[in-house]
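The chains referred to below are lettered A, B, ... by the order of the sequence lines, with proteins before strands, and numbering in each begins at 1. Just so you know, these numbers use all the heavy atoms, side chains as well, and skip hydrogens, waters and symmetry mates.
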There are 2 protein chains.
Amino acid sequence: PSTAHAALATERQRVLTKPPGSLGQLEQIAITLAGLTGTDQPTVDPIHIVVFAGDHGVCAEGVSAFPQEVTAQMIANFASGGAAISVMAEELGASLEVVNLGTVGEIPELPGVLNQIIAPSTANLAETPAMTSSQVVAALTSGDQTAERAARAKCRLFIGGDMGIGNTTSAAALACALLDQAPHTLVGPGTGLNTEGVARKTRVVERALARHGNDQDVLSVLTSLGGFEIAALTGAILGCAARKIPVLVDGFIVSVAALTAVHRQPGVRDWLIFAHRSAEPGHHAVLKALDASPLLDLGMRLGEGSGAAIALPLLRSACALHNRMASFSDAGVSGKSED
Amino acid sequence: PSTAHAALATERQRVLTKPPGSLGQLEQIAITLAGLTGTDQPTVDPIHIVVFAGDHGVCAEGVSAFPQEVTAQMIANFASGGAAISVMAEELGASLEVVNLGTVGEIPELPGVLNQIIAPSTANLAETPAMTSSQVVAALTSGDQTAERAARAKCRLFIGGDMGIGNTTSAAALACALLDQAPHTLVGPGTGLNTEGVARKTRVVERALARHGNDQDVLSVLTSLGGFEIAALTGAILGCAARKIPVLVDGFIVSVAALTAVHRQPGVRDWLIFAHRSAEPGHHAVLKALDASPLLDLGMRLGEGSGAAIALPLLRSACALHNRMASFSDAGVSGKSED
């Protein structure tokens, strides 16, 4: 990040025709983007959205309100334009790429879907490590490659999304291990478990953490408790930061991937802008650990990167106001009186 | 509002390919807009934005951080495209109309500015009623006419904005009278008063309320404590509701106008969607009185309708998702398992 450009942007916000500070968080967004992209005319376009999909062996424990076949079915729905993120990508004029890392259900070749199958699903993390070390490397690499494609297309903002029935169980387990928190504080209803289901899911995460033990090495934790799509998101976020592409972070799953990336490389934090606070209760602790104040709090909990896509126009507005508003002197408007 | 269309939209939200409820407040926005406009394909376009401007006699009491000449200067800035609301109107592809109801500073004829001068400013509401009864009728009528023009242009959403140095003093006084609250609970820094300034402003509102007395009649309160632009906003909101045009309500000033309109005609409330929670502390009580849960809370406090303009893409996204997402059956996606 360029502190010089951030300082110039801070100064510019002070002289635009508005009471200083009156654009609230939008001022900081413009300043952050100016600093990250080293420009005095910040922009977020073009935008690249990638949804990573993969199945979870832990579904055998009955941790989701939806059947596992939905992961594969939703990949087809992404391709045909019927999913929330598909509609939003079109609405925003953003490119959308779907990376299939492996599903239990079969899927044909589909336009816009890149098949980088690691396995039909991860292993059941309650009983054994979710991934082998070669699997986690494959997933991290797949994510890094999407960052490389975004960089080649000169994208100025990256949005990652997730699809994987069972993935809030994996994400909660990961966050518990990384933050050293008890499962009941981070496990929630996901796509819609009832109270009994949440209790069952909590016991599953407790078993997973007991099995995993005290190994705090980030790569070990990710291998043991993660999922293909969560590891790929981690790789994508690391890859974007390395290539100086700001990331607009979605909800619970992507925030846990971001937490994993930041634990691996603290400098990554600078490149993250947080889109929204999910209704999934565990998101709160993850945001707090990342010192994040998200833009939106609409009670969303859909995944797919949808919360980031919904927040995106706020970034565009912040840039438009920063770049195009007149200054007090240009417009001949009197400034604030002395206190 | 059409309860039949709202019920159909509620049912549609249940069958779209997402966990039920997972779009949070965006689901209710789509349902509300479907009901208000009596359609199964809700939309907010075209959008009409009107900024009402007028000066306040109470500025003589030293209640603002900015000099009074700024009201007229900002009208010129709206016309030349340098103000926040000008940039946002262009960004959103919305029509922008500026209605000048009277300023102390002189302004030439300007493109996009409708001059409907009532007087150079209201009277000092700390000492006498702010308006005469013919002045308040003129302002209400001016507002109603903007709703009529929006209806003729077949606009599906109305955004009202305010410009008037000193108008948070007037709005706080109005809200105190309508809600029977003490000035210190509703008076805030506005464009940037320091602690001493806020204390002075509070005493001014106390004097105004003591002068006004106990008359709770809405029109009397508005005449006594309002401003030209606040009365015009009240007229515009009443006029939009009468013509079945939904209103996206901006921050503190517009919310006080909305409160005034709802006190005059409770059915108006149905037509209001609340954009954001302003940093101005009095907004909280006004929102609570209107039972409003705004979409955004970004610490904005700029006025001009800017908070509503910033929130507008959320409504467009809510409509796009509602209208274009696939259903579980269309996409061949399995629904939620039985609990």
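Note on A:Lys18 versus B:Glu304: no salt bridge recorded, every NZ/NE/NH1/NH2 to OD/OE distance being 4.0 Å or above.
Of the atoms belonging to B:Asp330, not a single heavy atom falls under 4.5 Å from chain A. There is no contact between B:Ala279 and chain A, counting heavy-atom distances below 4.5 Å. B:Thr191 touches chain A through backbone and side chain together, each having a heavy atom under 4.5 Å away. When heavy atoms are compared at a cutoff of 4.5 Å, B:Ala76 does not approach chain A at all. Only the side chain of A:Leu314 comes within less than 4.5 Å of a heavy atom in chain B; its backbone stays farther off. Contact annotation for A:Glu69: only side-chain heavy atoms (C-beta onward) come within less than 4.5 Å of a heavy atom of chain B. Both the backbone and the side chain of A:Ala84 have a heavy atom closer than 4.5 Å to some heavy atom of chain B. Proximity to chain B involves both the backbone and the side chain of A:Leu295, based on heavy atoms less than 4.5 angstrom apart. Looking at A:Asn323, there are no atoms closer than 4.5 Å to chain B (heavy atoms on both sides), in backbone or side chain. If you measure heavy-atom distances from B:Leu296 to chain A, the contacts under 4.5 Å come from the side chain alone.
When each of A:Gly307, A:Ser278, A:Ser306, A:Gly299 is checked for heavy-atom pairs under 4.5 Å with chain B, A:Gly299 comes out on top. Chosen from A:Gly82, A:Pro20, A:Ser22, A:Gly190, the residue pairing most often with chain B at heavy-atom distances under 4.5 Å is A:Ser22. In terms of heavy-atom pairs under 4.5 angstrom with chain B, the leader among A:Arg316, A:Glu196, A:Glu90, A:Glu27 is A:Glu90. Between chain A and the options B:Ala309, B:Ala318, B:Ser317, B:Gly303, heavy-atom pairs under 4.5 Å are most frequent for B:Ser317.
In terms of heavy-atom proximity, B:Leu321 sits nearest to A:Met88 at CD2-CG, 3.9 Å. Between B:Pro19 and A:Arg301 the shortest heavy-atom distance is CB-NH1, 3.9 Å. What you find for B:Arg324 and A:Glu91 is that their closest heavy atoms are NH1-OE1, 2.8 Å. Nearest heavy atoms, B:Pro313 versus A:Pro313: CB-CB, 3.4 Å. For A:Val87 against B:Ala320, the heavy-atom pair with the smallest separation is CG1-O, 3.6 Å.
In this structure, CG in B:Leu298 is found 11.0 Å from OG in A:Ser293, a value given to the nearest 0.5 Å. Atom CD1 in B:Ile85 sits 10.5 Å away from atom CE in A:Met325 (nearest 0.5 Å).
A donor-acceptor distance shorter than 3.5 angstrom exists from the side chain of A:Gln73 to the backbone of B:Ser334, with no hydrogens or angles considered.
A 4.5 Å side-chain heavy-atom check between A:Met74 and B:Thr17 finds at least one atom pair inside the cut-off.
Applying the 6.0 Å contact sphere to CD of B:Glu106 captures no more than 12 heavy atoms from other residues, nucleotides or ligands. Counting heavy-atom neighbours within 6.0 Å of A:Arg277 CZ, excluding the residue itself, gives a total above 12.
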Please test B:Leu26 against A:Met300 for side chain to side chain contact (heavy atoms under 4.5 Å, CB included), starting from the C-alpha separation and ending with a verdict.
CA-CA 8 Å; B:Leu26 299 185; A:Met300 292 180 69; 4.1 Å; yes
